[in-house]
Peer 1: 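My questions all concern the structure below.
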Amino acid sequence: MPMSIIQGDITTMRVDAIVNAANPQLKQGGGVCGAIFRTAGASRLQRACDALAPVPVGKAVITDGFGLPARYIIHTPGPVWRGGTHGEAQQLASCYQSSLELAAAHGCASVAFPLISAGIYGFPAGEAIRIALEQIEVFLAQPGHGTMDVSLVLFDAATHRLALRVHDDLR
Ligand code: ADP
């Protein structure tokens with residue numbers, strides 16, 4: 001199944017799992033993480049997260065989706081951009097790999113990602129998109145994973161347009 005590149009609010013996605021651009025402490029924070037906590041129910045999600053924290057950058061853990069339409073939330077701490085010479089690209093790629101493997105292990109048929117690290121953590125959007133699309137494609141090409149429905153959900157119109165351009169350039 002080909003991946004989808006869509007514009008929207010990830011908290012509204014009716015999928016098996018949405019991915020949270022988390023911090024290693026799995027605290028609510030701002031950005032997409034803040035929105036996910038608010039919609040899921042902040043205190044019950046925080047209790048579930050506190051039992052799993054800390055999580056290393058590039059790894060992933062899973063909780064219930066609580067008040068979200070999604071059944072699960074996969075929490076993956078992305079790298080903070082420090083100029084690109086500190087292994088940020090590899091760490092970001094690992095976020096997508098870890099999250100997709102965890103989704104598959106929990107029997108998820110549909111997963112939606114935000115653009116991890118590209119907000120408060122400062123990763124350049126074009127490069128973050130390229131890594132996201134490449135890692136999703138690599139995962140879907142593996143035996144047994146080709147039927148998973150994976151979406152990249154961009155919050156604003158400009159980043160969505162950029163994602164479509166990066167996707168075309170990768171063809
Ligand atoms: P990070 O700390 O990993 O950089 P952010 O939450 O600051 O995470 O930003 C990651 C991306 O998520 C940004 O591109 C931001 O515009 C986007 N974003 C923010 N809110 C939402 C939302 N409700 N749905 C989808 N994407 C969102």
Side-chain angles (χ1 to χ4, degrees), residues 1-22 24 31-33 36 52 55-65 68-81 84-119 121-171:
M1 181 169 291
M3 75 179 102
S4 330
I5 299 171
I6 59 182
Q7 189 193 347
D9 177 348
I10 201 162
T11 63
T12 67
M13 293 292 292
R14 296 194 173 276
V15 287
D16 292 334
I18 66 165
V19 178
N20 179 21
V32 70
C33 185
I36 290 171
L52 301 170
V55 179
V57 171
K59 302 290 183 204
V61 294
I62 192 164
T63 65
D64 197 271
L68 288 168
R71 179 165 171 210
Y72 295 116
I73 305 167
I74 292 173
H75 306 263
T76 185
V80 175
W81 179 258
T85 55
H86 294 80
E88 294 95 322
Q90 293 87 338
Q91 288 176 325
L92 186 59
S94 172
C95 288
Y96 287 93
Q97 290 160 10
S98 305
S99 299
L100 286 164
E101 281 161 17
L102 194 54
H106 281 75
C108 296
S110 52
V111 182
F113 281 91
L115 192 56
I116 299 164
S117 283
Y121 280 3
F123 212 105
E127 181 65 1
I129 292 165
R130 188 183 63 73
I131 291 168
L133 298 181
E134 280 178 359
Q135 293 306 315
I136 294 168
E137 273 200 5
V138 165
F139 179 83
L140 292 176
Q142 289 168 11
H145 293 158
T147 57
M148 198 186 269
D149 174 3
V150 183
S151 328
L152 183 62
V153 182
L154 293 317
F155 198 41
D156 61 279
T159 312
H160 179 242
R161 278 196 302 275
L162 179 60
L164 295 177
R165 273 209 306 280
V166 172
H167 180 259
D168 287 348
D169 289 348
L170 289 173
R171 301 289 96 194

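It should be emphasised that the depicted structure is a prediction, and the values quoted were computed from it without experimental measurement.
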Peer 1: May I ask you to test the Met148-Leu140 pair for a side-chain heavy-atom distance under 4.5 Å?
Peer 2: yes
Peer 1: Supply the atom-to-atom distance Gln7 CD to Leu152 CG, rounded to the nearest 0.5 angstrom.
Peer 2: 12.0 Å
Peer 1: Are any side-chain N or O atoms of His145 and backbone N or O atoms of Ala141, one a donor and one an acceptor, separated by less than 3.5 Å?
Peer 2: no
Peer 1: Roughly how far, to the nearest 0.5 Å, is the OG atom of Ser4 from the CD1 atom of Ile136?
Peer 2: 9.5 Å
Peer 1: Does Ile18 reach the side chain of Ile74, with side-chain heavy atoms less than 4.5 Å apart?
Peer 2: no
Peer 1: Can you name the closest pair of heavy atoms from Met13 and Ser151 and give their distance?
Peer 2: CE-OG, 4.1 Å
Peer 1: Identify the heavy atoms of Val19 and Pro114 that sit nearest to each other, and give their distance.
Peer 2: O-CD, 3.0 Å
Peer 1: Could you check if a side-chain atom of Tyr72 sits within less than 4.5 angstrom of a side-chain atom of Asp64, using non-hydrogen atoms only?
Peer 2: no
Peer 1: If we only count heavy atoms from C-beta on, is the Met3 to Leu133 side-chain gap below 4.5 Å?
Peer 2: yes
Peer 1: Using the benzene-type ring in the case of Trp, are the ring centres of Phe139 and Tyr96 under 6.0 Å apart?
Peer 2: no
Peer 1: Which heavy atom in Leu115 sits nearest to a heavy atom in Ala125, and how many Å separate them?
Peer 2: CD2-O, 4.2 Å
Peer 1: Do Asp9 and Thr12 have side-chain atoms, one donor and one acceptor, less than 3.5 Å apart?
Peer 2: no
Peer 1: Has His167 got a side-chain atom pairing as donor or acceptor with Ile5's backbone, closer than 3.5 angstrom?
Peer 2: no
Peer 1: Measure the CZ-CG distance between Arg165 and Leu170 for me, rounded to the nearest 0.5 Å.
Peer 2: 12.5 Å
Peer 1: Walk me through it: do Phe113 and Val150 pass the test side-chain contact (heavy atoms from CB on, under 4.5 Å)?
Peer 2: CA-CA 8 Å; Phe113 281 91; Val150 183; 3.9 Å; yes
Peer 1: Please report the shortest heavy-atom distance between Glu88 and Val80, naming the atom on each side.
Peer 2: CG-O, 3.6 Å
Peer 1: Are Arg130 and Glu137 close enough, and set up right, to give a salt bridge (charged side-chain N to carboxylate O under 4.0 Å, His left out), and what steps lead you there?
Peer 2: CA-CA 11 Å; Arg130 188 183 63 73; Glu137 273 200 5; over 6 Å; no
Peer 1: For residues Ile10 and Ile36, determine if any side-chain heavy atom of one lies less than 4.5 Å from a side-chain heavy atom of the other.
Peer 2: yes
Peer 1: Could you tell me which non-hydrogen atom of Pro69 sits nearest to which non-hydrogen atom of Thr11, and how far apart they are?
Peer 2: CD-O, 3.3 Å
Peer 1: To the nearest 0.5 Å, tell me how far Gln97 CD sits from Gln142 CD.
Peer 2: 8.5 Å
Peer 1: Distance check, rounded to the nearest 0.5 Å: Ser99 atom OG versus Lys59 atom NZ?
Peer 2: 11.0 Å
Peer 1: Report yes or no: does Ser110 contribute a side-chain atom to a donor-acceptor pair with the main-chain N or O of Val15 at less than 3.5 Å?
Peer 2: no
Peer 1: Give me the atom names and distance for the closest heavy-atom approach of Ile116 to Gly78.
Peer 2: CG2-CA, 3.8 Å
Peer 1: Please report the interatomic distance CD1(Ile129) to CD(Glu134), rounded to the nearest 0.5 Å.
Peer 2: 12.0 Å
Peer 1: Do Leu164 and Leu162 have side chains that get closer than 4.5 Å, going by heavy atoms?
Peer 2: no
Peer 1: Would you check, one step at a time, whether the test side-chain contact (heavy atoms from CB on, under 4.5 Å) holds for Val32 with Phe155?
Peer 2: CA-CA 9 Å; Val32 70; Phe155 198 41; over 6 Å; no
Peer 1: Is there a side-chain contact between Val55 and His75 in this structure, where contact means two heavy atoms from C-beta onward sitting under 4.5 Å apart?
Peer 2: no
Peer 1: Within a strict 4.5 Å, meaning less than it, do heavy atoms of the Trp81 and Ser117 side chains meet?
Peer 2: no
